[in-house]
Amino acid sequence: MDKQQLVDSFSAEAKLQIADVEVFSNIDSTNSEALRKLKAGQKAGFLVVAREQSNGRGRRGRAWVSSLDSGLYMSVVLPFGRSVENLQALSLVTALAVHSGITKSYPVPVQLKWPNDILAGNKKLAGILLERQQIDEISAIVFGIGVNISLSDSAQNLIDRPFTDLNTLAKVEVDPANLCAAISNQLVEDVNRFCEQGFEQFKQRWNELDRYKDEDIIIEMGNSKLIGKSLGVNGDGCLTLQSAAGVEVISSGEIFPSLRPQPKD
Ligand code: BTN
């Protein structure tokens, strides 16, 4: 990936807030590298990108398959002044930014899966891993973003869930530097808006793009499961679920489509 091309495609806002960009051929994980840089004293406001990750990390302790030039592997680090309770909503805002960054550059039909997966149909196109580092009273947030671009056969064999890639969806050769800049620009803009005005302004758009809204789903939360109809997200970024017991408000968990017919009301 060409660093100059990437920086040249930054918006004025992104140029202001992302002061440093480092592009690696190979790294263990762009998130881990970003956290190391913060620990070593680098100020939030930078971007780490890699062509390959030897230890790409996903949510819930899973691995993120990151073979050479198969995807975009990036971590944007921004300061975050708001309270930590807003992190739930911030992760949803990140999903919207990644969605817009992708679809503004490549108009493909993609949707969101709560809390922050990007899907095409039922197949995963991109994932997000947010990590936080506290330095005095300022939090630095590492926005780790992985987008499947062109999965090799060997990479495909390593993924144990339905997936797709952007080359297949867009039917054109995707330029990772342009995609990285488009996502960075959108992320900086949306995080600034979120910090100024909160999540409420993003809620409607999120619910319009939600793959599972109004569908019967199962939510797994640790060892427990809830079954019901998804009512979409509320103003805090929590998922609301119509279950047999009433409306439940869920702040963490993983959605699975329900195959069980739900009782009619
Ligand atoms: C998920 O499980 O859906 C989240 C995947 C996040 C992967 C990205 S790739 C860039 C950054 N570095 C990592 O190690 N993980 C994130």
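This structure is a prediction, so every number in the text was calculated from the model and none was measured. In what follows, residues are counted from 1 in the order of the sequence shown. All ligand and atom numbering here is 1-based and tracks the order in the structure.
- Look at R161 and E254 and you find a salt bridge, because one of the NZ, NE, NH1 or NH2 atoms lies within 4.0 Å of a carboxylate O, short of that distance.
- Here the closest heavy-atom approach between residue G237 and residue W114 is recorded as O-NE1, 3.0 Å.
- Ring-plane geometry between F199 and F194 is classed as perpendicular, the angle between the planes exceeding 60 degrees on a 0 to 90 degree scale with a lower cut at 30.
- D2 is linked by a side-chain hydrogen bond (donor to acceptor under 3.5 Å, both in side chains) to nothing, counting only residues two or more places apart in sequence or in another chain.
- Screening residues 175-192 for salt bridge (charged side-chain N to carboxylate O under 4.0 Å, His left out), with sequence neighbours left out, gives D190-R193.
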Between ligand 1 and the protein, which N/O pairs are shorter than 3.5 Å?
| unit_1 | atom_1 | unit_2 | atom_2 | d |
| --- | --- | --- | --- | --- |
| ligand 1 | 2 (O) | R59 | N | 2.7 |
| ligand 1 | 3 (O) | K124 | NZ | 2.6 |
| ligand 1 | 12 (N) | T30 | OG1 | 3.1 |
| ligand 1 | 12 (N) | Q53 | OE1 | 2.9 |
| ligand 1 | 14 (O) | S29 | OG | 2.8 |
| ligand 1 | 14 (O) | R57 | N | 2.7 |
| ligand 1 | 15 (N) | R57 | O | 2.7 |

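- For S91, the side-chain contact (heavy atoms from CB on, under 4.5 Å) partners two or more places apart in sequence, or in a different chain, are P115, N116, L130.
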